[in-house]
Amino acid sequence: MYRHLQRRLEQHIRDFLRGTYDLDLPKIVIEQPPKVELGEYALPLAFELAKKLRKAPRRIAEEVVSGIGQIPGFEKLEIAGAGYINARVNRAELAASVASDRKQSFPAPAGKVLVEHTSINPNKAAHVGHLRNAILGDSFVRLLRFAGREVDVQNYIDNTGVQVADVVVGFLQLAKKSRAEVEQLAAQPRFDYYCWDLYARVSQWYEQDKQNLQARVQALHAIEQGGNETAQIADLISIAILRRHLETMDRLDIEYDFLPRESEILHLHFWDAAFEKLKSAGVLTYESEGKNQGCWVMRRAGTTQTAADPEVSEEDQKVIVRSNGTVGYVGKDIAYHLWKFGLLGRDFGYRRFYKYPNQHDCWISTTNGQPEHPHFGDVAEIYNVIDARQSEAQNTVIEAVRALGYHQQADHYTHFSYEMVALTPRCAAELGYQLSEEDQARAYIEVSGRKGFGVKADDLIDTLIASAKKEVDARHPQLNDAERREIATKIAIGALRYFMLKFTKNSVIAFDFREALSFEGDTGPYAQYAIVRATNIFHKGGIDPESYSPGECDFAKYLDANDIWELWLSASQTSYVIDQCIATAEPAYLAKHAFQLAQLFNYFYHQHPILSESDEGRKRFLLATVAVVRRELTRVLAVLGIEAPRAM
RNA sequence: GCGCCCUUAGCUCAGUUGGAUAGAGCGUCUGGCUACGAACCAGAAGGUCGGGAGUUCGAAUCUCUCAGGGCGCACCA
């Protein structure tokens with residue numbers, strides 16, 4: 001509703017400027033005044049126009065205010081300070097509209113959106129860094145769906161790469177396991193933890209003697225070729241670990257629609273199709289001499305062509321096809337992304353792989369698939385949730401798409417980049433890792449799967465649940481254990497998801513148990529608690545919060561109070577904030593909004609006793625306020641993937 | 001060496017399109033539960049927005065420069 005009024009205001013301003021000054025500004029800045037007393041929208045417009053119109057800002061503001069006339073939904077425009085134009089909405093009208101939850105429909109852009117996230121190498125347990133990726137990605141999916149977009153969620157599985165090969169080497173060379181034994185181990189509940197340790201052991205083994213790296217090369221070869229025992233073991237491992245990852249993410253309500261695997265990109269020859277296009281478009285060039293002799297290369301993203309040297313210098317070359325004829329990761333990624341946009345002319349085979357408790361099917365790629373399957377790919381926009389370290393590789397893929405002439409697709413290819421999660425030295429010490437003096441002095445230390453250094457996702461979730469459970473046990477002894485566990489789980493998920501979302505994407509998270517385990521202040525449970533409080537008011541009053549309607553309610557009479565009005569205003573902004581989140585690819589703004597709404601509500605809750613209110617009209621109004629905040633906060637948290645428990 | 005990112009209160013972070021007195025949480029100190037449950041609320045202390053220059057009516061935000069930190073720059077993925 002807030003968003004709707006803002007657009008209306010903007011339109012009236014535009015019409016006025018065009019009619020009076022014959023001006024068409026590229027954008028009209030509309031913001032919120034520092035205090036609600038000043039109004040709901042602020043326009044610094046007069047400052048910008050002062051020079052253009054050769055008039056004092058205040059004078060311009062006066063002309064706008066007196067000339068613009070009545071705007072539906074608005075009370076009036078006012079001049080403030082040196083020339084701000086503040087707009088006051090009709091509070092009662094806006095409140096009535098929010099209370100009845102009237103939706104202003106905005107048509108969503110056409111076309112499907114593809115969000116790729118998680119994409120963990122299927123060779124070890126997921127850790128905190130992967131959680132940030134998955135939670136950011138899943139929340140963005142929810143944001144898009146809230147805005148009415150159709151979204152495909154994909155999780156790319158690199159099942160034929162070095163990392164899987166390393167664990168295969170671990171099983172064969174270090175653990176001396178047979179295929180049957182690996183199969184048995186893979187059926188164990190925490191097979192991913194076993195592999196976590198084994199992977200670290202293999203990495204050490206390589207360091208002990210560089211000769212050992214031969215084993216990796218051989219395993220990698222065998223896996224890529226397929227049809228042998230090594231490849232079968234690799235497949236066994238990657239499938240089992242993948243299932244574990246899906247289970248871990250399912251604990252956080254994160255689901256996927258399709259799991260494209262590198263093995264199919266290889267076996268279905270996606271690269272061959274892409275290679276032909278890239279060659280004929282001249283995107284790739286063959287190097288007949290120099291250090292990249294015998295390779296097909298393209299210009300690395302971020303490097304620029306100079307007039308003096310139109311050829312791509314060796315420094316700026318990215319090898320796409322190696323001199324032995326095999327294609328590297330970036331090449332496969334180009335092919336994969338042409339498929340995403342429906343430009344490759346080939347498709348995966350599909351089969352069902354995983355069924356979520358809600359009956360939703362997750363599909364996986366295969367060479368010979370089922371005839372009936374959903375249509376994946378062929379989308380209008382893509383978002384790749386991949387950490388910032390890979391931005392150069394991502395940009396190279398985008399540039400390849402662009403160089404093939406697909407400008408529109410390249411413009412709708414977003415590297416949803418985020419910074420890593422690292423551990424504080426204290427956290428590392430708590431986990432029992434020995435740190436060098438140099439590392440101890442750092443603000444944070446990068447997690448490393450190779451070193452087995454990191455906090456495993458399931459461990460973190462378990463710790464959070466246990467910690468929440470202790471609190472719930474103490475606060476709600478009357479509930480049975482299953483009920484308390486259910487509540488604790490929701491609190492734990494709320495805390496974790498919020499923690500990963502409250503930081504903006506380009507801030508490195510220095511992970512620390514103390515902060516992540518906090519349930520107070522700027523946390524998920526704080527917002528959940530506000531909902532529980534709101535619900536309790538209704539329950540104590542014997543009213544159903546979902547169906548509550550204030551009936552005749554004189555909003556105008558009660559909304560003069562700025563503190564309560566601020567709460568209504570904030571509650572009306574959900575769609576507006578969500579638009580901002582999508583436009584900037586930044587879910588953190590919604591987390592901030594949830595916190596602010598909860599904070600305003602808690603203040604209100606403290607200031608205004610409701611059930612004991614003797615004035616019936618005022619009581620209805622206060623209950624309507626609670627109902628609206630509860631509804632909006634629940635909605636906002638749902639977009640963040642957080643649910644409020646029944647009690648806290 | 002080249003490229004990208006970061007530097008805001010004791011700590012951890014917001015500040016999206018340049019705009020009104022730079023905000024939160026935690027921590028510290030003070031106060032508030034006979035309850036719509038205090039996982040809460042109120043108040044206090046705490047800032048040369050890394051340094052410098054520039055653009056602008058206006059800069060934490062844009063440009064340049066210096067300093068410090070992080071991450072990339074494989075015929076790995």
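Within every chain, numbering begins at 1; the chains are lettered A, B, ... in the order of the sequence lines, protein sequences first and strands thereafter.
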Participant: What pairs of residues pass the salt bridge (Lys or Arg N to Asp or Glu O under 4.0 Å) test when at least one of them lies in residues 577-591 of chain A, not counting sequence neighbours?
Facilitator: Arg3(A)-Asp579(A), Arg7(A)-Asp579(A)

Participant: How is Gln596(A) classified with respect to the nucleic acid when contacts are heavy atoms under 4.0 Å: base, sugar-phosphate, or nothing?
Facilitator: nothing

Participant: Checking all strands, does Ile30(A) fall into the base, sugar-phosphate, or nothing category for heavy-atom contacts under 4.0 angstrom?
Facilitator: base

Participant: Compare side-chain N and O positions of Asn536(A) against OP1 and OP2 of C36(B) and report whether any pair is under 4.0 Å apart.
Facilitator: no

Participant: Which is true for Ala42(A) with a 4.0 Å heavy-atom rule: it touches a base, it touches only sugar-phosphate, or it touches nothing?
Facilitator: base

Participant: Which is true for His593(A) with a 4.0 Å heavy-atom rule: it touches a base, it touches only sugar-phosphate, or it touches nothing?
Facilitator: nothing

Participant: Can you check the distance between U56(B) and U8(B), where both ends of the measurement are the C1' atom (answer in whole Å)?
Facilitator: 22 Å

Participant: Across the strands shown, which category fits Gln528(A) at heavy-atom distances under 4.0 angstrom: base, sugar-phosphate, nothing?
Facilitator: nothing

Participant: Considering every strand shown, what is the Watson-Crick or G-U wobble mate of A44(B) when both distances are under 3.5 Å?
Facilitator: U28(B)

Participant: Judged by modelled atom types alone, do Gln163(A) and Lys124(A) share a side-chain donor-acceptor pair under 3.5 Å?
Facilitator: yes

Participant: In terms of ring plane angle, is the pair Tyr2(A) and Tyr576(A) parallel, tilted or perpendicular, where the classes change at 30° and 60°?
Facilitator: perpendicular

Participant: Between Glu446(A) and Arg389(A), is there a salt bridge with N-O shorter than 4.0 Å?
Facilitator: yes

Participant: Watson-Crick or G-U wobble partner for U56(B), using a 3.5 Å limit on both distances?
Facilitator: none

Participant: Would you say Thr424(A) places a side-chain N or O within less than 4.0 Å of OP1 or OP2 belonging to C11(B)?
Facilitator: no

Participant: Does G72(B) have a Watson-Crick or wobble mate here (both distances under 3.5 Å), and if so which one?
Facilitator: C2(B)

Participant: Quick check: on RNA chain B, is the nucleotide nearest Leu45(A) upstream (toward 5') of the one nearest Tyr444(A), or the reverse? Name the residue that is more 5'.
Facilitator: Leu45(A)

Participant: Under 4.0 Å: is that the gap between some side-chain N or O of Lys540(A) and OP1 or OP2 of G37(B)?
Facilitator: yes

Participant: Applying ring-ring contact (aromatic ring centres under 6.0 Å, His included), name anything that partners Tyr548(A), two or more places apart in sequence or on another chain.
Facilitator: Phe538(A)

Participant: In terms of side-chain geometry, is the basic nitrogen of Glu643(A) or Lys490(A) positioned less than 4.0 Å from the acidic oxygen of its partner?
Facilitator: yes

Participant: Please check the phosphate of G37(B) (OP1 and OP2 only) for any side-chain N or O of Arg533(A) closer than 4.0 Å.
Facilitator: no

Participant: Counting side-chain heavy atoms from C-beta on, which of A77(B), C6(B), C41(B) comes nearest to Asn602(A)?
Facilitator: C41(B)

Participant: Identify the nucleotide, in any strand shown, that forms a Watson-Crick or G-U wobble pair with A22(B), with both distances under 3.5 Å; if there is none, say none.
Facilitator: none

Participant: Tell me the partner of A9(B), counting only Watson-Crick (N1-N3 plus N6-O4 or O6-N4) or G-U wobble (N1-O2 and O6-N3) with both under 3.5 Å; none if nothing fits.
Facilitator: none

Participant: With a 4.0 Å cut-off on heavy atoms, is Tyr526(A) in touch with a base, just the backbone sugar-phosphate, or nothing at all?
Facilitator: sugar-phosphate

Participant: What nucleic acid atoms does Lys51(A) come within less than 4.0 Å of, heavy atoms only: base, sugar-phosphate, or nothing?
Facilitator: sugar-phosphate

Participant: Just call it for Tyr605(A): base, sugar-phosphate, or nothing, with non-hydrogen atoms closer than 4.0 Å on any strand.
Facilitator: base

Participant: Identify the nucleotide, in any strand shown, that forms a Watson-Crick or G-U wobble pair with U17(B), with both distances under 3.5 Å; if there is none, say none.
Facilitator: none

Participant: Mind checking if Glu262(A) touches a base, just sugar-phosphate, or nothing, with heavy atoms under 4.0 Å?
Facilitator: sugar-phosphate

Participant: Give one of base, sugar-phosphate or nothing for Val327(A), where a contact means two heavy atoms less than 4.0 Å apart.
Facilitator: nothing

Participant: Name the pairing partner of C49(B), where a pair is Watson-Crick or G-U wobble with both distances under 3.5 Å, or state none.
Facilitator: none

Participant: Please compare Val29(A) and Val162(A) by the position of their nearest nucleotide in RNA chain B and report the one closer to 5'.
Facilitator: Val29(A)

Participant: Looking at every strand, decide which applies to Asn86(A) at a 4.0 Å heavy-atom threshold: base, sugar-phosphate, or nothing.
Facilitator: base

Participant: Would you say the side chain of Ser391(A) and the base of C4(B) hold a donor-acceptor pair, judged only by whether the two atoms sit under 3.5 Å apart?
Facilitator: no

Participant: For Asn324(A) and C75(B), is the shortest distance between a side-chain N/O and OP1 or OP2 below 4.0 Å?
Facilitator: no

Participant: What distance do Tyr529(A) atom OH and Phe601(A) atom CZ have between them, rounded to the nearest 0.5 Å?
Facilitator: 10.5 Å

Participant: Is the shortest side-chain heavy-atom distance between Lys318(A) and Arg299(A) below 4.5 Å?
Facilitator: no

Participant: According to a strict under-4.0 Å criterion, is Arg475(A) in side-chain N/O contact with OP1 or OP2 of A39(B)?
Facilitator: yes

Participant: Would you indicate what Arg514(A) reaches in the nucleic acid, counting non-hydrogen atoms under 4.0 angstrom: base, sugar-phosphate, or nothing?
Facilitator: nothing

Participant: So what does Gln317(A) hit on the nucleic acid, given a heavy-atom distance under 4.0 Å: a base, only sugar-phosphate, or nothing?
Facilitator: nothing

Participant: When you compare the ring of Tyr589(A) with the six-membered ring of U16(B)'s base, are the centres less than 5.5 Å apart and the planes under 30° from each other?
Facilitator: yes

Participant: NA contact type, Phe519(A), heavy-atom cut-off 4.0 Å: base, sugar-phosphate, or nothing?
Facilitator: base

Participant: Tyr529(A) side chain N/O closer than 4.0 Å to the phosphate oxygens (OP1, OP2) of A39(B)?
Facilitator: yes

